[in-house]
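Not measured: the values here are computed from a predicted model.
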Amino acid sequence: MGGKKLTINRKTQQEIIESIHLHRDIILKDMNLNLRLVNDEDHTYLSALVKWEKDEVTFAAPIEQCDWVIFPLPIELNLWFITKQTVFSSRIQVTAREQLDGKLIYKGKLITPLSKKQQRAHFRLSTLFQVHYKVLPNENTEDTSLEALPLYSGTAVNISVGGMCIVCEQQLKAEQLIDLTFCFLENEFNVRGKVLGLGDKNENGTFSHRITFLNLDTTKENLLSKSIFEKQRLLMRSSKQPLYKK
């Protein structure tokens with residue numbers, strides 16, 4: 001949300017500068033660098049870096065429904081620098097927007113030090129694809145017993161290497177175990193998952209559930225991680241940028 005411009009104390013400012021010196025060159029060397037912005041309501045936006053000088057970052061306005069996203073200013077956002085190998089996070093206070101070469105850009109300052117994160121724990125891609133699942137009676141259910149269980153369908157609305165959020169007609173309960181099958185970027189996955197909480201009811205009568213994956217081996221984990229980041233790059237390249245509207 002919007003608010004007053006933040007004043008940062010001298011110690012925090014020094015920590016920010018030191019973290020930039022440590023990570024900036026590594027981040028900028030990645031030719032596939034993308035930005036991910038998350039507001040305080042946990043809504044995610046994709047963007048691209050335009051310029052980075054000291055603690056000042058300029059980035060392209062995200063696009064939703066074929067138009068620019070207009071943030072109220074000033075606004076604080078969680079900022080993620082997405083590189084091929086890893087993810088770096090900070091928080092930015094965005095204070096200005098302007099037109100540049102017919103495009104809309106935002107400018108702001110980092111207000112927390114940059115920190116290096118693991119992809120699998122933090123990067124979550126907003127997307128839509130179908131999943132199929134079976135609810136397991138217990139954790140010892142053998143693969144040979146799965147055929148007798150009812151098969152349900154749902155929609156994945158986001159995914160990370162650690163889990164996903166699915167929307168379905170059933171309301172699942174916390175700690176329930178499910179067997180998930182889905183195709184993501186033409187790759188087939190079959191994984192066990194655990195429901196993290198009682199499903200939240202949506203306005204249309206469906207339920208949203210947070211699922212954590214339980215049995216991803218290294219091969220599956222690497223394939224899923226590669227697929228997620230490739231999907232994000234495809235989304236970034238296919239985004240059409242309309243003319244700026246006031």
Side-chain angles (χ1 to χ4, degrees), residues 23 26-27 29-39 42-49 62 77-91 114-136 139 143 146 152-168 172 174-197 199-200 208-239:
H23 299 304
I26 297 173
I27 294 171
K29 284 179 181 178
D30 194 308
M31 295 180 62
N32 295 308
L33 172 67
N34 289 312
L35 301 188
R36 177 175 177 241
L37 304 157
V38 184
N39 66 15
D42 205 31
H43 190 95
T44 301
Y45 306 91
L46 298 179
S47 180
L49 183 66
L77 301 168
N78 292 320
L79 173 63
W80 303 83
F81 294 91
I82 312 298
T83 71
K84 184 176 181 180
Q85 298 298 328
T86 191
V87 176
F88 298 85
S89 71
S90 182
R91 192 163 172 86
L114 277 167
S115 60
K116 186 176 180 179
K117 305 292 184 182
Q118 294 297 322
Q119 288 180 6
R120 66 185 299 261
H122 295 276
F123 182 74
R124 187 170 294 274
L125 177 71
S126 296
T127 186
L128 292 173
F129 59 88
Q130 188 177 48
V131 297
H132 299 285
Y133 67 93
K134 295 185 176 185
V135 180
L136 307 181
E139 62 182 12
D143 290 343
L146 291 177
Y152 302 97
S153 296
T155 301
V157 296
N158 64 51
I159 187 171
S160 73
V161 178
M164 63 169 53
C165 178
I166 66 171
V167 176
C168 56
L172 303 176
E175 304 297 320
Q176 276 190 307
L177 301 177
I178 59 177
D179 184 82
L180 285 158
T181 303
F182 57 91
C183 182
F184 186 70
L185 214 64
E186 299 183 353
N187 296 308
E188 295 281 350
F189 294 92
N190 177 245
V191 299
R192 291 283 174 97
K194 181 170 70 173
V195 183
L196 295 180
D200 296 324
S208 297
H209 306 87
R210 292 179 297 118
I211 309 295
T212 185
F213 298 145
L214 298 178
N215 67 332
L216 276 183
D217 58 29
T218 301
T219 300
K220 288 181 181 178
E221 183 177 300
N222 290 339
L223 178 59
L224 183 55
S225 177
K226 179 180 177 181
S227 299
I228 290 171
F229 277 78
E230 179 60 26
K231 180 65 174 179
Q232 189 208 23
R233 294 187 182 102
L234 290 173
L235 290 173
M236 291 292 296
R237 287 199 293 266
S238 65
S239 294

Checking side chain to side chain contact (heavy atoms under 4.5 Å, CB included) for the pair V131/M164: CA distance, chi angles, key distance, verdict?
-> CA-CA 10 Å; V131 297; M164 63 169 53; 4.1 Å; yes

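- Scanning both residues, S160 and F213, for their nearest heavy atoms gives O-CE1, 3.6 Å.
- Shown here are the side chain to side chain donor-acceptor pair (under 3.5 Å) partners of D30, two or more places apart in sequence or in another chain: there are none.
- Summarising the geometry of S126 relative to N158, their closest heavy-atom pair is CA-CB, 4.0 Å, with the distance given to 0.1 Å.
- Contact of the P62 side chain with the L46 side chain is not registered, since no non-hydrogen atoms from C-beta on lie closer than 4.5 Å.
- Remark: S89 OG to H23 NE2 distance equals 9.0 Å, nearest 0.5 Å.
- Going from atom NE2 of H209 over to atom CD1 of I178 covers 8.5 Å, rounded to the nearest 0.5 Å.
- For R210, the salt bridge (Lys or Arg N to Asp or Glu O under 4.0 Å) criterion is met by no residue, not counting sequence neighbours.
- In this structure the side chain of L125 reaches within 4.5 angstrom of the side chain of F184, judged on heavy atoms.
- Classified by interplanar angle (parallel below 30°, tilted 30° to 60°, perpendicular above 60°), the ring pair F129/F182 is tilted.
- K134 meets the salt bridge (Lys or Arg N to Asp or Glu O under 4.0 Å) test with no other residue; sequence neighbours excluded.
- Scanning all heavy atoms of the two residues, the minimum distance from G197 to A174 falls at CA-CB, 3.7 Å.
- K220 and N190 get closest at one heavy-atom pair: NZ-O, 2.9 Å.
- The side chain to side chain donor-acceptor pair (under 3.5 Å) check on T127 picks up nothing, with sequence neighbours excluded.
- One finds the OG atom of S47 at 9.0 Å from the CG atom of N34 (value rounded to the nearest 0.5 Å).
- Looking at T44 and W80, their side chains never come closer than 4.5 Å, going by heavy atoms from C-beta outward.
- With sequence neighbours excluded, no residue forms a side chain to side chain donor-acceptor pair (under 3.5 Å) with T212.
- Of all the heavy atoms in E221 and V161, the pair that sits closest is CG-CG1, 3.3 Å.
- Here the straight-line distance linking atom CZ of F88 with atom OG1 of T86 works out to 5.5 Å at 0.5 Å rounding.
- Residue-environment remark: NZ (K194) stays at or below the threshold of 12 foreign heavy atoms within 6.0 Å.
- Annotation: side chain of L37 is in contact with side chain of L79 (closest heavy-atom distance under 4.5 Å).
- In this structure, OG1 in T181 is found 8.0 Å from CD in E188, a value given to the nearest 0.5 Å.
- Side-chain contact between R192 and L177 is absent, with no heavy atoms from C-beta onward closer than 4.5 Å.
- Proximity of Y45 to N39: side-chain heavy atoms (C-beta onward) are separated by under 4.5 Å at one or more points.
- You'll find the side chain of V191 stays beyond 4.5 Å of the side chain of L224, heavy atoms only.
- The side-chain heavy atoms of F81 and V87, taken from C-beta on, include no pair separated by under 4.5 Å.
- The CG atom of L196 sits 6.5 Å away from the CD1 atom of I211 when rounded to the nearest 0.5 Å.
- Applying the side chain to side chain donor-acceptor pair (under 3.5 Å) criterion to N187, with sequence neighbours excluded, gives S227.
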Go through the steps to decide whether V157 and I166 satisfy the test side chain to side chain contact (heavy atoms under 4.5 Å, CB included), and finish with yes or no.
-> CA-CA 6 Å; V157 296; I166 66 171; over 6 Å; no

